[in-house]
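Everything below concerns the one structure shown next.
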Amino acid sequence: MALGDLMASRFSQSSVVVVSNHLDDCVSTHEDSDLNSQRRDSEAASSSSYGNAGVSTTTSLAYLPQTVVLCELRHEAFEASVPSGPSESGLVSKWRPKDRMKTGCVALVLCLNISVDPPDVIKISPCARMECWIDPFSMAPQKALESIGKTLSSQYERWQPKARYKCQLDPTVDEMKKLCTTCRRYAKSERVLFHYNGHGVPKPTANGEIWVFNKSYTQYIPLPISDLDSWLKTPSIYVFDCSAAGMIVNSFIELHEWNASGTSGSSRDCILLAACEAHETLPQSAEFPADVFTACLTTPIKMALRWFCTRSLLHESLDYSLIDKIPGRPNDRKTLLGELNWIFTAVTDTIAWNVLPHDLFQRLFRQDLLVASLFRNFLLAERIMRSANCSPISHPNLPPTHQHHMWDAWDMAAELCLSQLPSLVEDPNAEFQPSTFFTEQLTAFEVWLDHGSEHKKPPEQLPIVLQVLLSQCHRFRALVLLGRFLDMGPWAVDLALSVGIFPYVLKLLQTTTPELRQILVFIWTKILALDKSCQVDLVKDGGHSYFIRFLDSMEAYPEQRAMAAFVLAVIVDGHRRGQEACIEAGLIHVCLKHLQSSSPNDIQCEPLFLQWLCLCLGKLWEDFTEAQILGLQADAHSIFASLLSEPQPEVRASAVFALGTLLDVGFDTTRGVGGDEECDNDEKFRAEISIVKSLLSVASDGSPLVRAEVAVALARFAFGHNKHLKSIAAAYWKPQSNSLLNSLPSLANIKGSGGGYPNQNQHISHASIVSSQIGPLLRIGNDNSLVVRDGRVSSSSPLASSGIMHGSPLSDDSSHHSDSGIMHEGFSNGVVNHSGRKPFDSALYTQCVFAMCTLVKDPSPRIANLGRRVLSIIGIEQVVAKPLKSTSIRTGETTKSPSLAGLARSSSWFDMNGGHLPLTFRTPPVSPPRQSYLTGMRRVCSLEFRPHLINLPDSGLADPLLGSGGASGTSDRSFLPQSTIYNWSCGHFSKPLLTAADDSEEVLARREEREKHALEHIAKCQHSVVSRLTNPIAKWDTKGTQTALLQPFSPIVVAADENERIRVWNYDEATLLNSFDNHDFPDKGISKLCLVNELDDSLLLAASSDGSIRVWKDYTLKGKQKLVTAFSSIHGHKPGVQSLNAVVDWQQQCGYLYASGEISTINQWDLDKEQLVNPIPSSSDCSISSLAASQVHGGQFAAGFVDGSVRFYDVRTPEMLVCESRPHTQRVERVVGLGFQPGLDQGKIVSASQAGDIQFLDIRNHRKAYLTIEAHRGSLTALAVHRHARIIASGSAKQLIKVFSLEGEQLGTIRYYPTLMAQKIGTVSCLTFHPYQVLLAAGAADACVCIYADDNTQAR
């Protein structure tokens, strides 16, 4: 299967994970989200028509939802991690040869003294005589010597043709000195090779001396190694072909150690190759040449074949002289000699790669071409000479390789070649049969890929794969296998790079072969996901244009084109030359063209592709003004704006990133680029307005990933428009602006104007906007003003009702000199006109300030922190302290818990004492301190502002970055928060893309087991008869429980109290498993706990009363809980409303969360898309007090209102509202509880009113209830309906719980008796049933959580 098909079939980025069940074994994850929603709806619709057919496999689908949400890569650790993109150093770049070297000069010294044997050698007969394959006795000695010298020189030239060669034949000491100094002078800092043949002189001495001659050749003169070393210096490589050569190596090592311990201390780059150990003599057998070591090093193929012949079955039939006639050239791989040479290189490289430590392999086999060739050939010398009881040695020392099994592969290739040799020599036109060596080695590599892993031994064949890339016939297969290997993880990419793959795949970008394109793009994706530094090489070699062409080709799959976009994004990331080259090659046009053409139903519209087109463009014009201008001219901002409603959060976040990088941070605002400057600036101005409006439209997106990018983009905007935003902020926090409420732009229907919130905001009053939007205490930098978070100040003044307290004393105009004079400049439209940047309409600035304040209150701590950084840029300091839990601050009206989230400092500082806050004066007050609007709080305005106080350790700033800007706000770009979407997205490509995750089988097995368990228990519940549900099996004392939850598959109960502390107990073992705060500034407690993905790895969804949703994973592990996602489910509220009192419910069937409260809509959130898909009009003026979603029929839910009415909705119908009923007619009070009856019947609902009556409704006859139970006389506080058993329970404020059957029969009463201390237990605050067992958990407001079981549950 080609890798393209493999990639298409095996990976796709973000889609709903569908886990198998009995009916549909597996649904392709390639489905688009729209298809998914259709499938959900049709499933739900089909299952809804079965009626009560019992639990068959078919209906089980309705009871066992298949949707799984919030388990994508982005939910792993958004809060904790700051992702890093491709590395620029570290693990990577170790593969790059530190400094490529070249051997520039070669000194060849031959001390042969032909016809005179040295005194310490006794030769055998017949004896090895050949030197450089020449018999020295076949001609006159001098001629023979010259001929041998010339041949040796030409043998070396084959390995390094560009070096300068100097030969000294039988030299004197002076000639040696001259030779060495000349070579070093010529080579400069390059390496010098010194080759010494000492076959005509005595063995080296124990003192480390080699022998040369005197002028008259009557004496042998010793030459100390230290002299040689001092002449040749470093870097150098020595080859010693003489007996006892090991002596020299030992002397060299001693010399270097002595030098290193001396003053110099620098390690010398000196490599030594010696023919034998110190106690050995060279082999004299006539089967070898006399210079067998040199022959192995310089003519390896000839030497290897001759040696092999004597040991092969062919040795009788083969004429040795044929070996010299092997047809072909060593560099032509299509000829026999070329192929042999190629195989030999592959074998020796592979042995070295597998035996040597990696850094040594890099130094010897990848740094210098000549050194690499000599060491490959040295491995052969070791093999051949050890067969003659002689051990070549080297420094650095290599482990033994002569018995490595790869030599068998070489022998086989050699034999195949030799068997063809006679016929090929006879007939020059005969075609030779290529070896199967490479095919077999690739197969071996493939076998390793099927069974290997990071923890097993690396594949031996990696260097062979590298060699195979040189051959056209094997190239495609080798690349596909290489791609599979690189996909195994960063460790594999690092291995491949360190074996030397990089120059090969770089060169392949110059090929135009179409079938290689997809796999090459894949391989480069893997390399760049690990090492960003390759961007420089790619641009230098023009590789970027290869990827731009691929990106523009329509034949490739969108995932593969996404990879090309990723590669281009890395090329331009922070690399100006790359940015310029890509702009020249037309990348902007190509990306925008494909973004524009992607319509939602288009198969090419792969979310990963869209995401990387956006990121690529964002990186292209990041901090590059010329590119930003080109982008604005191409109308890029409007193309991105249309992507902000895409279903995938990654696409939306990437589009926000691209929009944010288009905003000029504002250094060269005065410089016009080309054409008419005014016109350009006007266009730019309009574009910026449009960008900001687009950003505001997603400021309250459901995904933290998107909101984080909005915060970063708004920070860039705030930086560029710093002064205007500051003055807006200053204007609104001024006492003079009594017209504040009139001048605030309405945020209603901002969406129409491109602004921030969907159209549920019709009822927002300006006062409530300000109070709800401005978070914990804020300080405006431009004047020393103070803002206190508390909407309940006093309504005596419009400003007070906005919860705003002002910088200067409220009536004292004399203090205006401390306001840095901003307000005295000319105002136009509430905005100060500064020179430089053209100001926007003040309404837009105001919306931006509000959006920033909303970010500060974000449920996600990471985004709240970003929000604080954004506000600090426009000079608003935010101080956040832990809430004062011990005391209660009374402001205007009594609040349950203090909501003072911190204190802002002007120049005068507050000390917090108990419930009131007296002042500590640091500077003399301007006028006597006076009562402010805030009871118990006074304030003083100082004569001077001392910014240096800000950095004091007790300042309580949430983030050190905030204080350092002082009153002026930050002016340095380094303060801008950095976007993380790009680095985070890069992580996708460093993970395996071609294989499914290993744990999927485990997951499926656990899922099947749970489904089986659930179905068994559902059947038991449906057929059980409950007599009394009054047997308490567990109880915990805990104050203020507001909501509880029983886990389906383990004996765990989760409860939350009014301080938003969540506790998790095991009720079998009576142990507390975990306890944690939902967040740091709890307002009103948690209104609902839900389990998300209960049949899989369940997540805990906690909905706070203010509408904030937080989803936790690992919540049962002590201290290990992680926030998966967080968002605000309702925005804005009706006028005159103090708190939102959010009500929510979760519907696993289709992945929807419904949320409402003191607003006029019910918000339908799709948690898979993390998007508000539908603000459903509630069709009532009253607030919603209760919500229940059907757990069987996707898209159906019911809402109970404070006027006692109940409405039933189905999101699949065009008008949404199906019917309306008013069942509670006796005393009209709020609907407290609502639930769908068990079974598959559509629209059977139980509704409980605060008045105490429980009504049973059927939407087919919704005029009136078909059954009424007068459960309690007033004060009904909680209702629970079992999901599968036919029972309900209700609780009252009078410490009473009653259990009823669906027929209205009372099955039992649970009374809370006073304790020994005669304490009242308080209202029953929550009731909840176990999903698959007859268990009831009850929480009481002031005392405890209890779990009740039925003693006599029996089958019918």
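Here, residue 1 is the first one in the sequence, and each next residue gets the next number. In this text the structure is predicted, and so the values were computed from the model without any measurement. The figures here come from the full heavy-atom set of this structure, side chains too, leaving out hydrogens, waters and symmetry mates.
Legend: residues meeting side chain to side chain contact (heavy atoms under 4.5 Å, CB included) with D1057, ordered by chain and number and at least two apart, are N1059, R1061, R1063. For T1225, the side-chain hydrogen bond (donor to acceptor under 3.5 Å, both in side chains) test picks out no residue, with sequence neighbours left out. With sequence neighbours left out, W1146 forms a side-chain hydrogen bond (donor to acceptor under 3.5 Å, both in side chains) with Q1148. Judged as a side-chain hydrogen bond (donor to acceptor under 3.5 Å, both in side chains), and not counting sequence neighbours, the contacts of N1031 are D1351.
Two residues are said to be in side-chain contact when any heavy atoms from C-beta on lie closer than 4.5 Å; Y1348 and T1030 fail this criterion. P1032 places none of its side-chain heavy atoms less than 4.5 Å from the side chain of I1347. Side-chain atoms of L1095 and R1007, non-hydrogen and from C-beta on, do get closer than 4.5 Å to each other. By the 4.5 Å heavy-atom criterion applied to side chains, Y1154 and Y1209 are not counted as neighbours. Contact check for Q1242 versus Q1196: side-chain heavy atoms found under the 4.5 Å cut-off. Using a 4.5 Å heavy-atom cutoff, the side chains of L1302 and I1287 are not in contact.
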Exercise for review: Test salt bridge (charged side-chain N to carboxylate O under 4.0 Å, His left out) on R1283 and E1094 and set out the steps.
Suggested key: CA-CA 14 Å; R1283 213 190 279 182; E1094 68 176 35; 3.1 Å; yes
Check: Passes salt bridge (charged side-chain N to carboxylate O under 4.0 Å, His left out), E1016 versus K1020? Steps please.
Finding: CA-CA 6 Å; E1016 282 171 14; K1020 277 185 191 168; 5.7 Å; no
Could you walk me through whether Q1255 and T1268 satisfy the side chain to side chain donor-acceptor pair (under 3.5 Å) test, starting with their C-alpha distance in whole Å, then the side-chain angles of each, then the deciding distance to 0.1 Å, before giving a yes or no?
CA-CA 5 Å; Q1255 305 288 349; T1268 300; 2.5 Å; yes
(request) Might you work through the salt bridge (charged side-chain N to carboxylate O under 4.0 Å, His left out) test for E76 and K1122, ending with a clear yes or no? (result) CA-CA 9 Å; E76 287 301 304; K1122 288 195 194 77; over 6 Å; no
Practice problem: Give the intermediate values and the outcome of side chain to side chain donor-acceptor pair (under 3.5 Å) for residues S1104 and E1060. | Solution: CA-CA 8 Å; S1104 303; E1060 301 209 24; 2.9 Å; yes
Exercise for the section: Go through R1006 and D1097 one step at a time and tell me if the salt bridge (charged side-chain N to carboxylate O under 4.0 Å, His left out) criterion holds. Expected result: CA-CA 10 Å; R1006 187 176 60 220; D1097 280 337; 2.8 Å; yes
Self-check item: Working for side chain to side chain donor-acceptor pair (under 3.5 Å), residues T1309 and R1311
Solution: CA-CA 6 Å; T1309 304; R1311 268 180 204 285; over 6 Å; no
Pair S1290-H1272, side chain to side chain donor-acceptor pair (under 3.5 Å): steps then yes or no:
CA-CA 9 Å; S1290 64; H1272 305 273; 2.8 Å; yes
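For N1174 (side chain) and I1176 (main-chain N/O), no donor-acceptor pair under 3.5 Å exists by modelled atom type. The backbone N or O of V1231 lies less than 3.5 Å from a partner atom in the side chain of S1185, making a donor-acceptor pair. The main-chain N or O of D1096 is found under 3.5 Å from a side-chain atom of R1010 such that the two form a donor-acceptor pair.
Sorted by first then second residue, the ring pair (Phe, Tyr, Trp, His ring centres under 6.0 Å) pairs that include residues 1238-1258, not counting sequence neighbours, number zero. Among residues at least two apart or in separate chains, salt bridge (Lys or Arg N to Asp or Glu O under 4.0 Å) pairs with a member in residues 1293-1310 are R1286-E1303.
Among I1052, V1053, V1054, the single residue meeting the side-chain contact (heavy atoms from CB on, under 4.5 Å) criterion with W1065 is V1053.
Aromatic ring centroids of Y1332 and F1049 lie under 6.0 Å apart. For H1282 and F1329, the distance between ring centers is under 6.0 angstrom. Aromatic rings from H1193 and F1236 are positioned such that their centres are separated by 6.0 Å or more. In this structure, the ring of F1127 has its center less than 6.0 angstrom from the ring center of W1165.
Between R1028 and D1350 there is no salt bridge, since no side-chain nitrogen of the basic residue lies less than 4.0 Å from a carboxylate oxygen of the acidic one.
Around the NZ atom of K1118, the shell of radius 6.0 Å holds more than 12 heavy atoms that belong to other residues, nucleotides or ligands.
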